[in-house]
Amino acid sequence: MKNFLLVFVLSFTSQISSSQCATPANNFGNNIAISSYNVTGDVTVTLNNDDTITLDLGSNFQTASGPDIRAYLVNSNGASAATLRSSEIASLDHIEFGLVGCTGCVPAIPSNGAKSLTVNIPNGKNIEDFDTVFFYCLQFDQFWDFGSYTSFSASNCSVLSVEENIQSIAFKVYPNPANDYLEITNEKQLPVAISVFNVLGHEVFKKEESTISKIKLNLSTLKSGVYLLRTTHNNAYSTNRFIKR
């Protein structure tokens, strides 16, 4: 992947949102071999503002019973329905929510009815890549069913969005994507403070005001993923995205 030079300007109205985003999953009924495994009812995916993702199954949720039916988010990566049906869950890019049905558990977990499962977004996973809710019986490596939902992105989820108004004081940031270091060129040697936020709006790095012409940030302790860089001068600030490898 090529590196890109990121040029940005200060903003007086930039903000990072901290709300939730929810979207329904649809188009279930993909198990053509065993139709009783197919899912019906309401399934909702919610991106929270605390680095977690929630799967809500409605009171009308139904599927066949099984020894350990588990729910996952899957990055389909454009795979066909036939490919997904024939894939073992271990071979797919996934995030596991946990059990939604278990006949062998004590007490047993009924597969039907309302449930809410919340998990942390794992290190190195970009939630914007995921687009499928996948049900699977792990004990027998048996595909159950899957449905699709609209991936979270800055265009449809305020948690991932940044609003900006433009002013005329420019800084340059390089490289993007970055490995362990990110450099900011402060040609006018303005007093600037720097913060880095993860995509859910949590501050993960902060540097107090500096007037040096080239500021080098050590990002080695950050996880891989997408981040927001905010540079502040005299109560004006701009926020721009970069990728940490």
K.L.:
Test question: given the 4.5 Å side-chain rule for I, L, V, M, F, W and Y, name all other residues clustered with Leu99, or answer none.
P.N.:
Ile109
K.L.:
Nearest 0.5 Å, what's the CG-CD distance between Leu47 and Glu128?
P.N.:
9.0 Å
K.L.:
Under 3.5 Å, is there a donor-acceptor pair between the Ser151 and Ser153 side chains?
P.N.:
no
K.L.:
Walk me through it: do Phe143 and Phe134 pass the test ring-ring contact (aromatic ring centres under 6.0 Å, His included)?
P.N.:
CA-CA 9 Å; Phe143 163 66; Phe134 206 88; 5.6 Å; yes
K.L.:
Quick one: salt bridge (Lys or Arg N to Asp or Glu O under 4.0 Å) pairs with a partner in residues 129-156, sequence neighbours left out?
P.N.:
none
K.L.:
Taking only residues two or more places apart in sequence, or in another chain, which ones meet Ile34 in a side-chain contact (heavy atoms from CB on, under 4.5 Å)?
P.N.:
Asn31, Ser36, Tyr37, Gln142
K.L.:
From Leu217 CG over to Leu229 CG, what is the distance, rounded to the nearest 0.5 angstrom?
P.N.:
6.5 Å
K.L.:
Is any side-chain heavy atom of Phe197 closer than 4.5 Å to one of Val204?
P.N.:
no
K.L.:
Linking I/L/V/M/F/W/Y whenever any side-chain heavy atoms sit under 4.5 Å apart, do Ile89 and Ile53 land together?
P.N.:
no
K.L.:
Going by the rule salt bridge (charged side-chain N to carboxylate O under 4.0 Å, His left out), which residues pair with Asp93 if we only count those two or more places apart in sequence or in a different chain?
P.N.:
Lys125
K.L.:
Going hydrophobic residue to hydrophobic residue with side-chain gaps under 4.5 angstrom, can you get from Val39 over to Leu57?
P.N.:
yes
K.L.:
Taking only residues two or more places apart in sequence, or in another chain, which ones meet Asp68 in a salt bridge (charged side-chain N to carboxylate O under 4.0 Å, His left out)?
P.N.:
Arg70
K.L.:
Please list, chain by chain and in numerical order, all residues satisfying side-chain contact (heavy atoms from CB on, under 4.5 Å) with Asn218, sequence neighbours excluded.
P.N.:
Tyr181, Ser220
K.L.:
Sort out for me which residue in Val133, Ile121, Val119 forms a side chain to side chain contact (heavy atoms under 4.5 Å, CB included) with Leu73.
P.N.:
Val133
K.L.:
In Å, rounded to the nearest 0.5 Å, how long is the span from OG1 of Thr63 to CG of Asn112?
P.N.:
7.5 Å
K.L.:
Report the distance from atom NZ of Lys214 to atom OH of Tyr174, rounding to the nearest 0.5 Å.
P.N.:
10.5 Å
K.L.:
Does Thr103 have any side-chain contact (heavy atoms from CB on, under 4.5 Å) partners at least two apart in sequence or in another chain, and if so, which?
P.N.:
Ser65, Pro67
K.L.:
Compare every heavy atom of Val100 with every heavy atom of Ala71, then report the nearest pair and how far apart it is.
P.N.:
CB-CG1, 3.8 Å
K.L.:
Hey, quick one: are Val74 and Tyr136 part of the same hydrophobic cluster, counting side-chain heavy atoms closer than 4.5 Å, chains of contacts allowed?
P.N.:
yes
K.L.:
Which residue pairs satisfy the ring-ring contact (aromatic ring centres under 6.0 Å, His included) criterion with at least one member in residues 56-79, sequence neighbours excluded?
P.N.:
Phe61-Phe135, Tyr72-His94
K.L.:
Would you say that Asn156 contacts Cys21 through its side chain, given a criterion of any heavy-atom pair below 4.5 Å between the two side chains?
P.N.:
no
K.L.:
On a heavy-atom basis, which atom in Ala178 and which in Leu219 lie closest, and how many Å separate them?
P.N.:
CB-CD1, 4.3 Å
K.L.:
Can you pull the side chain to side chain donor-acceptor pair (under 3.5 Å) pairs that have at least one residue in residues 77-87, sequence neighbours excluded?
P.N.:
Ser80-Thr83
K.L.:
Check whether any side-chain heavy atom of Phe152 lies under 4.5 Å from a side-chain heavy atom of Val45, and answer yes or no.
P.N.:
yes
K.L.:
Listing request: all disulfide bond (SG atoms under 2.5 Å apart) pairs with a residue in residues 46-85, at least two apart in sequence or in separate chains.
P.N.:
none
K.L.:
Would you name the heavy atoms of Arg245 and Ser224 that are closest together and state the gap between them?
P.N.:
C-OG, 2.9 Å
K.L.:
What residues form a side-chain contact (heavy atoms from CB on, under 4.5 Å) with Asp56, not counting sequence neighbours?
P.N.:
Thr44, Thr46, Thr54, Ser116
K.L.:
State whether the side chain of Asn30 and the backbone N or O of Asn27 hold a donor-acceptor pair below 3.5 Å, judged by distance alone.
P.N.:
yes
K.L.:
Determine whether Phe205 and Ile184 fall in the same hydrophobic cluster, where Ile, Leu, Val, Met, Phe, Trp and Tyr are linked whenever their side-chain heavy atoms lie under 4.5 Å apart.
P.N.:
yes
K.L.:
Using modelled atom types and a 3.5 Å cut-off, is there a donor and acceptor pairing between side-chain atoms of Asn176 and backbone atoms of Ile243?
P.N.:
yes
K.L.:
Compare every heavy atom of Lys244 with every heavy atom of Leu222, then report the nearest pair and how far apart it is.
P.N.:
O-NZ, 3.4 Å
K.L.:
Report whether Phe146 and Leu55 are members of the same hydrophobic cluster (ILVMFWY, side-chain heavy atoms less than 4.5 Å apart, transitive linking).
P.N.:
no
K.L.:
Nearest 0.5 Å, please: how far is CG in Leu138 from CH2 in Trp144?
P.N.:
12.0 Å
K.L.:
Any side-chain heavy atom of Asn75 sitting closer than 4.5 Å to one from Leu92?
P.N.:
no
K.L.:
Taking the side chain as every heavy atom from C-beta outward, state whether Val173 and Phe242 have any pair of such atoms under 4.5 Å apart.
P.N.:
no
K.L.:
Compare all side-chain heavy atoms of Asn198 with those of Leu228 and state whether any distance is below 4.5 angstrom.
P.N.:
no
K.L.:
Can you measure from CD1 (Ile215) to NZ (Lys207) and round to the nearest 0.5 angstrom?
P.N.:
6.5 Å
K.L.:
Does either side chain, that of Ser195 or that of Glu203, offer a donor lying less than 3.5 Å from an acceptor on the other one?
P.N.:
yes
K.L.:
Taking only residues at least two apart or on different chains, which pairs with a member in residues 103-142 satisfy disulfide bond (SG atoms under 2.5 Å apart)?
P.N.:
Cys102-Cys105
